[in-house]
Number of protein chains: 2
Amino acid sequence: MASRAKATILDIAREAGVSKSTVSLVLQGSGLIRPETAVKVRKAIEDVGYVYNRGAANLRKAHSNVIGMVINDLTNPFFAELAVGMERVFQAAGVVPFIANTAENPVRQEEVLKSLMEQGVAGLIVSPARGTTPGAFRRIETAGVPIVFAMRRLPDSRIPVITPDNHRGAVLATEHLIRKGHRRLAFFGGSSDLVVYHERLGGFLEACETLGIPSADRLIVEGETSRKGGMACLETALAAAESPTAALCFNDAVAFGVMLALRRRNLEAGADFAVVGFDDVTEAEHYSPALTSVAVDTAGLGERAAHVMLKMIQSRTTRAEDHIGAVSLVIRESSGPDRNKQVGDAA
Amino acid sequence: MASRAKATILDIAREAGVSKSTVSLVLQGSGLIRPETAVKVRKAIEDVGYVYNRGAANLRKAHSNVIGMVINDLTNPFFAELAVGMERVFQAAGVVPFIANTAENPVRQEEVLKSLMEQGVAGLIVSPARGTTPGAFRRIETAGVPIVFAMRRLPDSRIPVITPDNHRGAVLATEHLIRKGHRRLAFFGGSSDLVVYHERLGGFLEACETLGIPSADRLIVEGETSRKGGMACLETALAAAESPTAALCFNDAVAFGVMLALRRRNLEAGADFAVVGFDDVTEAEHYSPALTSVAVDTAGLGERAAHVMLKMIQSRTTRAEDHIGAVSLVIRESSGPDRNKQVGDAA
DNA sequence: CGCTATAAATGGAACGTTCCAATAAATCAA
DNA sequence: TTGATTTATTGGAACGTTCCATTTATAGCG
């Protein structure tokens, strides 16, 4: 079976009785070759079991057709949804995205980026790992390879970013809680080495300010952005002197953790303690009680990021505008008794 | 900034005052070069901002260092965990895995495989999409590129498979339910175009047989392998004349769906209807009630698959033994009142 | 000192493609 | 008929690496 030395363009040229140039033209779908010749060549390709060597091709061609998607945590369904959104667009454009996971580890990220670059990617969409150093992408920038950041930004970088309107989302959610009558509020989860954290926390604080919640009645508990982190946050909060009655969580994972911790204490999310999440992952709707959350249109942002990348590649530029995606509050049961059923308006 | 024509090995040779061959040797970490020379060269590499062109290298080298992981559904945390397990091993081996998602679509899978092959991957780990045609991998086999199937197998293929012991897992789970006193049992979710389905259902039926549950008291409901599918299954089952009191679900997603549907009917999983899942995803433990499930050591299977792949590449063979992973039943609340807290023994 | 053995560095050919300039064949104008 | 134009096809020179066979420098030994 396994025909030894793998077939090259010359083998199929010989097989079809044409020159290698002709085969190359056929491969690229050039309109210059006579249809009958093309058919003959394609048959030879099939017969020989030829596989195209893109590495060799890229040696001469300017651009490759592969795009790298670097994701900081694939096990988080949120980022998986993001990846899927991007994929849809790339597929339609005939581009194959390769996904690489950094597991929130900057060192791993470095390796992954290096490898992708060596592979000759046409562009990179990155959701940077926590703790990424500012210079981590300089190498790539000077190489002239377009990059787009998705969901997360770096403190002082000029790389275009596609992100939801975190500030506005946090404002919407916080206002919602205050309007429900809560006067002592908490912000749960996340840590200050993430720019997103500041954006979301900022929105929370602004809404508190505007609606007259004194800073003494705001509790901020940093923590892991996971279920476990959320559970810890709730424990901390309930141990406080004047404990809060409602919390905006950094993301849905934290919110799920909070709800679990509540249940363990025989408290009910919604009735005894209001919980609002962020990101509105698909699970949120199915939880019990269903989680009120800020919907960010994850897949839509993924699509947008992919489009921006394609545009950048096409116009061979390394610059693009940021995109701040609209958000909306999806009100479900976890934020309190089900009195008003309307959905928050989009930003 | 972006130094135009990107630097090659010759540029850095000139910069360092050595020959291109020397640079190549340094790049490969050959012990032949004098340490001081290596240092000089590495400095030049840094100064010039050189990026290695793996495509060019692969033109001469036998093997590339990239391995493709083709996953049928990245949004399913189960497969994401699998991917993460593989990654761990590959990272340690200095190999970079590229992940591609097929979204359970055979056509997409075809594209993805083609692209990966063109990229010159050293090997492929594949969780085949549902409905994959038997011949889909012939191309790759004849090209002599090693493949391993993970979690799923194809009906009549000689490609090595890494999979959990589905049959045994189903037997364990079913026995557990029967020992709890249930006499009318259901098997929920999945469909017969999946080999796994037959394995799991087979275990269920065998256990029923052995422990004397007549076939009239076994209900089999096919359905989507998702929450939604699970909800539908339960409705169907409760509508039956003599409805079952317990169900083994095809996977955890189905089980979650069943529990949601129970809650909507104001029934409690465990007390009113026993539910057992399959795969034991991390969520299972955190659900309420916590889900009894067959643990398959997902990440471990991923690691195993990666190891097998590395071994195949190293020994340049395209054959390897199948690996059937041990499973264990993790008993939690969803399968009935919390009387016995022990964990099922491994297969 | 000359000779061999070892260590370090090197030039050139090859890998599989693309692309340009050139050719060959067919068509048209005059 | 000849030349110009169009249509298909083709050889050869890149592209950036690796690897083999050499060359050059260094050391060892009698």
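Lettering of chains follows the sequences in order, A, B, ..., and the numbering in each one begins at 1. Just the heavy atoms: all of them, side chains too, but no hydrogens, waters or symmetry mates, feed the values below.
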With a cut-off of less than 4.0 Å, is there a side-chain N or O of [X] near OP1 or OP2 of [N]?
X: B:Ser21; N: D:dT18; result: no
X: A:Thr22; N: D:dT10; result: yes
X: B:Ser24; N: D:dT17; result: no
X: B:Gln28; N: D:dC19; result: yes
X: A:Ser19; N: D:dT10; result: yes
X: B:Arg34; N: C:dA9; result: yes

A:Ile9 has its side chain closest, among C:dT10, D:dC19, C:dT18, to C:dT18
Ranking D:dG16, D:dT10, D:dC15 by distance to the side chain of A:Arg60, first place goes to D:dC15
By nearest-nucleotide position on DNA chain D, the 5'-leaning member of A:Lys20 and A:Pro35 is A:Pro35
How many Å lie between [atom1] on [X] and [atom2] on [N], as a whole number?
X: A:Tyr52; N: C:dG16; atom1: OH; atom2: C1'; answer: 10 Å
X: A:Leu25; N: C:dT18; atom1: CG; atom2: P; answer: 9 Å
X: B:Asn58; N: D:dC15; atom1: CG; atom2: C1'; answer: 15 Å
X: A:Arg14; N: D:dG11; atom1: CZ; atom2: P; answer: 13 Å
X: A:Lys61; N: D:dA13; atom1: NZ; atom2: P; answer: 23 Å
X: B:Leu32; N: D:dC20; atom1: CG; atom2: P; answer: 12 Å
X: B:Lys40; N: C:dA8; atom1: NZ; atom2: C1'; answer: 11 Å
X: A:Leu10; N: D:dT10; atom1: CG; atom2: P; answer: 12 Å

Before accepting this row, confirm whether a basic side-chain N of the pair [X]/[Y] lies closer than 4.0 Å to the acidic partner's carboxylate O.
X: B:Glu118; Y: B:Lys114; result: yes
X: A:Glu321; Y: A:Arg304; result: no
X: A:Lys43; Y: A:Glu46; result: no

- request: Hey, can you tell me if B:Phe149 and B:Phe137 have their rings parallel, tilted or perpendicular (30° and 60° cut-offs)?
  value: perpendicular
Identify whether any heavy atom of A:Leu27 sits under 4.0 Å from a base atom; if not, whether one sits that close to sugar-phosphate; answer base, sugar-phosphate or nothing. nothing
Answer with base, sugar-phosphate or nothing: what part of the nucleic acid does A:Thr8 contact at a heavy-atom distance below 4.0 Å? sugar-phosphate
Q.
I want to check something: taking the side chain as every heavy atom from C-beta on, are B:Val308 and B:Ile162 in contact at a cut-off of under 4.5 Å?
A. yes
